[in-house]
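Contents: one structure, followed by commentary.
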Amino acid sequence: MIPSGRDLVDAALRAALQRAVAELGWPAEAGAMPLAVERPGDPAHGDHATSIAMRLAKPLRRPPLEIAEAIRQRMPPSEPIASVEVAKPGFVNVRLADEWVAKQADAIAAAGADYGRSTHLAGRRIQVEFISANPTGPMTVANARGGPIGDALANVFAFAGAAVHREYYVEDGGTQMKRFGVSVAVRYRQLLGEEAELPADAYQGEYVKDIAAQIRDRHGDRYRDLSIDEQAKVFAPMAIDWVVADAQRVTAKLGIRFDTWFKQSSFIESGYLEDTIRELRKRGVIVDREGVVFFETPEAVALTREGEEGWVLVDAQGDPKYLGTDIAYHRLCLEERGFDLKLNVWGANTQYHLQQMKIALPVLGIDPARFEVVLYQYVRFVHEGVLTRMGRRTGRFLLLEDVVEAVGADVARWFFLQAGADRTLDFDFELAVQQSNENPAYYVQYAHARIVSIFRTAAERGLSADGADVSLLVAPAEVALVKALLRFPELLDDIRDRRAVHLLTVYALELAGTFHAYYRDHRVVGDDEALSRARLRLVQAVQVTLRQVLGLLGISAPEHM
RNA sequence: GACCCCGUAGCUCAGUGGAUAGAGCACUUGACUUCGAAUCAAGUUGUCGCGCGUUCGAGUCGCGCCGGGGUCGCCA
């Protein structure tokens, strides 16, 4: 594990601050204050800086410049740090030593696939649940947004040593299932030549016919004499199998592999849901009214919306509702299945549900910090010239599979990961296909392919990075390039802290750009053999880092394009 | 009406309390007999929606407006 520049600077500043606290008799709390080491925008201000002196000025009742100076004087000389300066309002600016930076190219290249790997989350068992669309139809672009987000987040957690579990929650227990089953039954009857009409609240999509046809092909008219409700009951699980198979095929095309496809019906049938409601009852938060089971606490009442009767867990027919099953499901994951943290990637429509869950889980003694949600905003698409919200029941949607077929998995993943989760995404299919050749994903992949090509050229001339002397990397652009690489582990810290995977794409673009510029001005394979070897080592370190970033994004790092 | 998200360059978006607010696309002009031109270089682009507040310091935090998107089911 290579400590990042920020970690080194942070540790040195921390030590200096604590020394100052001890020697100058400052209050002990001052030594524990977060340093918040940052990167100055202006290179003239060094590589890392802290504003701690300004923030300590008031509690210590001393001018910031004096505090900054006290810290600066107590920074011991060290190999990575070239200089420490105090600047105007009270910044402490730290500059890394070029020689040390250059050396890191060696370390990064040697680390290879382990570059950036850490133990920050070692021992943590994290379930990342994502996509989990209502299993009543094929996967659309709207459902799919959680896919790359959840998958990349899981990658980042695993890379930090967590035991990560990717879960697709198959919600096959609710009322939508009955509706779905009836829809299939109607189509089945129609295929057998009977008169049957789709109810208004049924699923209208063409795929329902496909499912019915599949049942007819496999079972013929075996179910002809059943009532429509009986047919619905028999067909619903078959229809779910069809939908899950579709989701498995399409997510696989996007490069996503789940550890479990966990069925909601499993814990309803096992009695765990009932047990959970008994438990809630024991805690005195259940109220029964006219056969309906409500969750009721003062907090819940305060949040309850106008016109809403209450928070229904089970309806008068005995059918469990979303909140009821979800409380049981989360209890199952966090109390029985052994996850320390359950992180869900959910669509924006669950915003109210999320607030309900935050109130309900602590009632069962579950620490709400163990339940987290990355809420992403909608994906809209251009439908007949207008931006439209996708909906399966309305039949207005864009299939993920069609998009992946048209632009490829790499470009599709990039699209979903390029912006923060809380920004609405608009997708124009025609435009996406048309512009896929100038996609930013290719800009990054091209940098990688270019590096592979450099090594091909080097090999033809019998050159490699073996025995490179990286102290020859003294050009400013070379030092800058290594510094860009050194940001990678810091970036991973930020992504974990903020659950913000889109930062990977931002960084990938910057790194590729820095490399492309370097490539133009500096010949890697040249006449000077020693310098060529050193530069090959540098380029190798860039390749290693690009691979890591692309790998975490789930985007391929091609040798040719 | 309540609640959630967004408002930053012509467009798509970074920037999550620091110093002179950035990148890609688009536009203009240059650069391939030399490691891949899916690239690079140079040029142009801003009332950070508006107002008030907190702070040594606000695009960033709080409050209030304005504009856009979303949710408000015994659906999930």
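The analysis underlying the following values was restricted to heavy atoms, covering all of them including side chains, and did not include hydrogens, waters or symmetry mates. Owing to the predicted nature of the structure, the values given are computational and were not obtained by experimental measurement. Chain identifiers are assigned alphabetically (A, B, ...) following the order of the sequence lines, protein sequences preceding nucleic acid strands; residue numbering begins at 1 within each chain.
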Review point. A19(B) base to Asn93(A) side chain: any donor-acceptor pair below 3.5 Å?
Key: yes
Check your understanding: How long is the line joining OH of Tyr322(A) and C1' of U71(B), in whole Å?
Key -> 13 Å
Exercise for review: Please name the pair of heavy atoms, one in His48(A) and one in Glu490(A), separated by the smallest distance, quoted to 0.1 Å.
Suggested key: CE1-OE2, 3.6 Å
Review point. G69(B) base to Thr424(A) side chain: any donor-acceptor pair below 3.5 Å?
Key: no
Check your understanding: Counting only Watson-Crick or G-U wobble pairs whose two distances fall under 3.5 Å, which nucleotide matches G24(B)?
Key -> C11(B)
Check your understanding: What integer distance in Å separates Arg423(A):CZ from G15(B):C1'?
Key -> 11 Å
Point to revise | Candidates G36(B), A14(B), C5(B) - which lies nearest the side chain of Ala419(A) | key: A14(B)
Check your understanding: Checking all strands, does Val524(A) fall into the base, sugar-phosphate, or nothing category for heavy-atom contacts under 4.0 angstrom?
Key -> base
Review point. Tell me: CG of Leu504(A) to P of A23(B), nearest whole Å?
Key: 21 Å
Exercise for review: Tell me, please, which residues at least two apart from His522(A) pass ring pair (Phe, Tyr, Trp, His ring centres under 6.0 Å).
Suggested key: Tyr518(A)
Check your understanding: For the atom pair OG (Ser132(A)) and CD (Gln264(A)), what is the distance rounded to the nearest 0.5 Å?
Key -> 10.5 Å
Exercise for review: For Ala57(A), report the nucleic acid contact type (base, sugar-phosphate, nothing); a contact means any heavy atom under 4.0 Å.
Suggested key: nothing
Point to revise | Spacing of Asn344(A) atom CG relative to A76(B) atom P, expressed in whole Å | key: 16 Å
Point to revise | His560(A) versus Arg456(A), closest heavy-atom pair with distance | key: CE1-NH1, 3.1 Å
